[in-house]
A.B. asks: 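One structure, as structure tokens, below. Some questions next.
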Amino acid sequence: MSLDTEKRLAAEAAARFVEDGMLVGLGTGSTVAYLLPALAARALDLRCIATSPDTEQAARELGLKVESFHGTDAAPRLDIAIDGADQVSPSGWLMKGGGAAHTREKVVAAAADRFVVIVSSDKLVERLTPPVPLELLAYGLAATLRHIGDVMLRDVPRSPDGGVIADYRGDFDDPGELAARLSATVGVVEHGLFPAAMVSDVVVARGEQIEIRNLR
Ligand code: 5RP
């Protein structure tokens, strides 16, 4: 069975967690691309928050209602957020940001009562490994890069919020330690390490089998 089919099966399983009337956070990436039609097909009365312009456009084209998450008028809490990941460790720590959307994805995940991660089986790893995606403030960029150390700018457009996308390439044993160091570095807007404590469930497709790991 192809990894694409696994992505679709994981996405379709997670779409069944969504209930009528919910405010739903939509992640970004090729796995989420399978979630959107599965959600639309349920024909529920939903409001959605998109984590990227690509997701917003695709969701709207499928008839999903997408709201802004900017400013003080936006809803402060979401019922559920569903997103993919680049790596999932045995303890539930995630590496995200392969698509450079990790800042908005983390904001949405943190605002959700339930954060569901959908992955094909290749995303399960023994331990998280570099690179760690970063979003950096353009102002003072050279100084921030010097503070971070082993980092490389990614040749991609800026984030929708104007951030510069880069990757930390240093090796690490403890994701919590590195996450704390990166979060404490002035000029780092956000990094792609997501703590297990943020994750409610991981839905993994392995062949035709769906495994749902509940982390809470
Ligand atoms: C985007 C992300 C994605 O969720 C992650 O890269 C997984 O993508 P895909 O579902 O295409 O494998 O973090 O910033």
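Whatever order the structure lists them in is the order used to number ligands and atoms, beginning at 1. We count residues from 1, following the sequence as given.
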A.B. asks: Checking a contact table here: which protein heavy atom is nearest atom 12 (O) of ligand 1, and how many Å away?
C.D. replies: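 Ranking protein heavy atoms by distance from atom 12 (O) of ligand 1, first comes Lys123 NZ, 2.6 Å.
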A.B. asks: Closest non-hydrogen protein atom to atom 9 (P) of ligand 1, residue and atom name please, with distance?
C.D. replies: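 For atom 9 (P) of ligand 1, the nearest protein heavy atom comes out as Ser30 OG, 3.3 Å.
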A.B. asks: What's the spacing between Leu26 CG and Ile82 CD1 if we round to 0.5 Å?
C.D. replies: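 Here the interatomic distance stands at 7.5 Å.
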A.B. asks: Looking at Asp20 and Arg42, is any side-chain nitrogen of the basic one under 4.0 Å from a carboxylate oxygen of the acidic one?
C.D. replies: no
A.B. asks: Within a distance under 4.0 Å of any heavy atom of Asp83, pick out the atoms of ligand 1 and give their elements.
C.D. replies: 4 (O)
A.B. asks: Give me the residue, atom name and distance of the protein heavy atom closest to atom 13 (O) of ligand 1.
C.D. replies: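 For atom 13 (O) of ligand 1, the nearest protein heavy atom comes out as Gly97 N, 2.8 Å.
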A.B. asks: Tell me, which protein residue and heavy-atom name are nearest atom 6 (O) of ligand 1, and how many Å apart are they?
C.D. replies: Asp86 OD1, 2.5 Å
A.B. asks: Could you list which atoms of ligand 1 come closer than 4.0 Å to a heavy atom of Ala101?
C.D. replies: 14 (O)
A.B. asks: Taking Ser121 as the fixed residue, which of Glu211, Glu6, Arg206 is the one that meets the side chain to side chain donor-acceptor pair (under 3.5 Å) rule?
C.D. replies: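 It is Glu6; the other options fail the test.
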A.B. asks: Considering heavy atoms of the protein only, find what lies nearest to atom 4 (O) of ligand 1 and give residue, atom and distance to 0.1 Å.
C.D. replies: Lys96 NZ, 2.9 Å
A.B. asks: For a quick check under 3.5 Å, do Ser52 and Asp54 share a side-chain donor-acceptor pair by atom type?
C.D. replies: no
A.B. asks: Just let me know how Ala85 lines up against ligand 1, side chain, backbone, both or neither, with a heavy-atom cut-off below 4.0 Å.
C.D. replies: backbone
A.B. asks: Return the CG to CZ distance between Asp79 and Phe17, rounded to the nearest 0.5 Å.
C.D. replies: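 If I round to the nearest 0.5 Å, the distance is 14.5 Å.
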A.B. asks: Salt-bridge test for Arg104 and Asp83: reply yes if a basic N is under 4.0 Å from a carboxylate O, no otherwise.
C.D. replies: no
